[in-house]
Colleague: 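If you scroll down you'll find the structure; I have some questions about it.
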Amino acid sequence: MAKSTLSHHLRVLRDAGLTRTRQEGTRCFVILRSADLQVRFPGLMEAVLAAAEDEDVGRQVGVQAGTPA
């Protein structure tokens, strides 16, 4: 995926309030606002993750559990 395409998608998610972005030096960390998402759309993330697993999509994406800063 082109860097500009990724930047566009991340901006759309951030503008929609679904993610939070944190700068740390030259690195940029994107955090999914999962608690807020669960309140607004109960069960959505579980459905998306189950569909991704069924379709074998996203295995190369790194996910780190933790508390957002």
Side-chain angles (χ1 to χ4, degrees):
M1 175 184 305
K3 185 176 179 181
S4 61
T5 302
L6 177 61
S7 295
H8 171 75
H9 287 296
L10 291 174
R11 180 173 157 199
V12 169
L13 293 171
R14 185 178 61 246
D15 289 348
L18 299 176
T19 62
R20 186 178 338 196
T21 304
R22 175 174 52 94
Q23 288 287 143
E24 203 173 284
T26 59
R27 301 185 84 179
C28 183
F29 295 90
V30 178
I31 301 164
L32 180 66
R33 297 177 63 185
S34 55
D36 296 335
L37 192 58
Q38 181 64 20
V39 169
R40 283 187 73 183
F41 306 103
L44 175 65
M45 285 310 300
E46 291 83 4
V48 169
L49 293 172
E53 188 173 327
D54 289 346
E55 296 291 322
D56 197 28
V57 174
R59 287 184 303 142
Q60 73 280 9
V61 177
V63 177
Q64 181 178 358
T67 307

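All values derive from a computational prediction rather than experimental measurement.
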Colleague: So do the side chains of Thr21 and Leu10 get within less than 4.5 Å of each other, counting heavy atoms only?
Modeller: no

Colleague: Mind checking salt bridge (Lys or Arg N to Asp or Glu O under 4.0 Å) for Asp56 and listing every partner two or more places apart, or none if nothing turns up?
Modeller: Arg59

Colleague: Can you name the residues that form a side-chain hydrogen bond (donor to acceptor under 3.5 Å, both in side chains) with Glu24, not counting sequence neighbours?
Modeller: Arg22

Colleague: For residues 43-54, tabulate all N or O donor-acceptor pairs below 3.5 Å that involve a side-chain atom, not counting sequence neighbours.
Modeller:
none

Colleague: Could you list all the side-chain hydrogen bond (donor to acceptor under 3.5 Å, both in side chains) pairs where at least one residue sits in residues 29-39, not counting sequence neighbours?
Modeller: Arg33-Asp36

Colleague: Could you note down all residue pairs passing side-chain hydrogen bond (donor to acceptor under 3.5 Å, both in side chains) where residues 7-16 supplies at least one of them, sequence neighbours left out?
Modeller: none

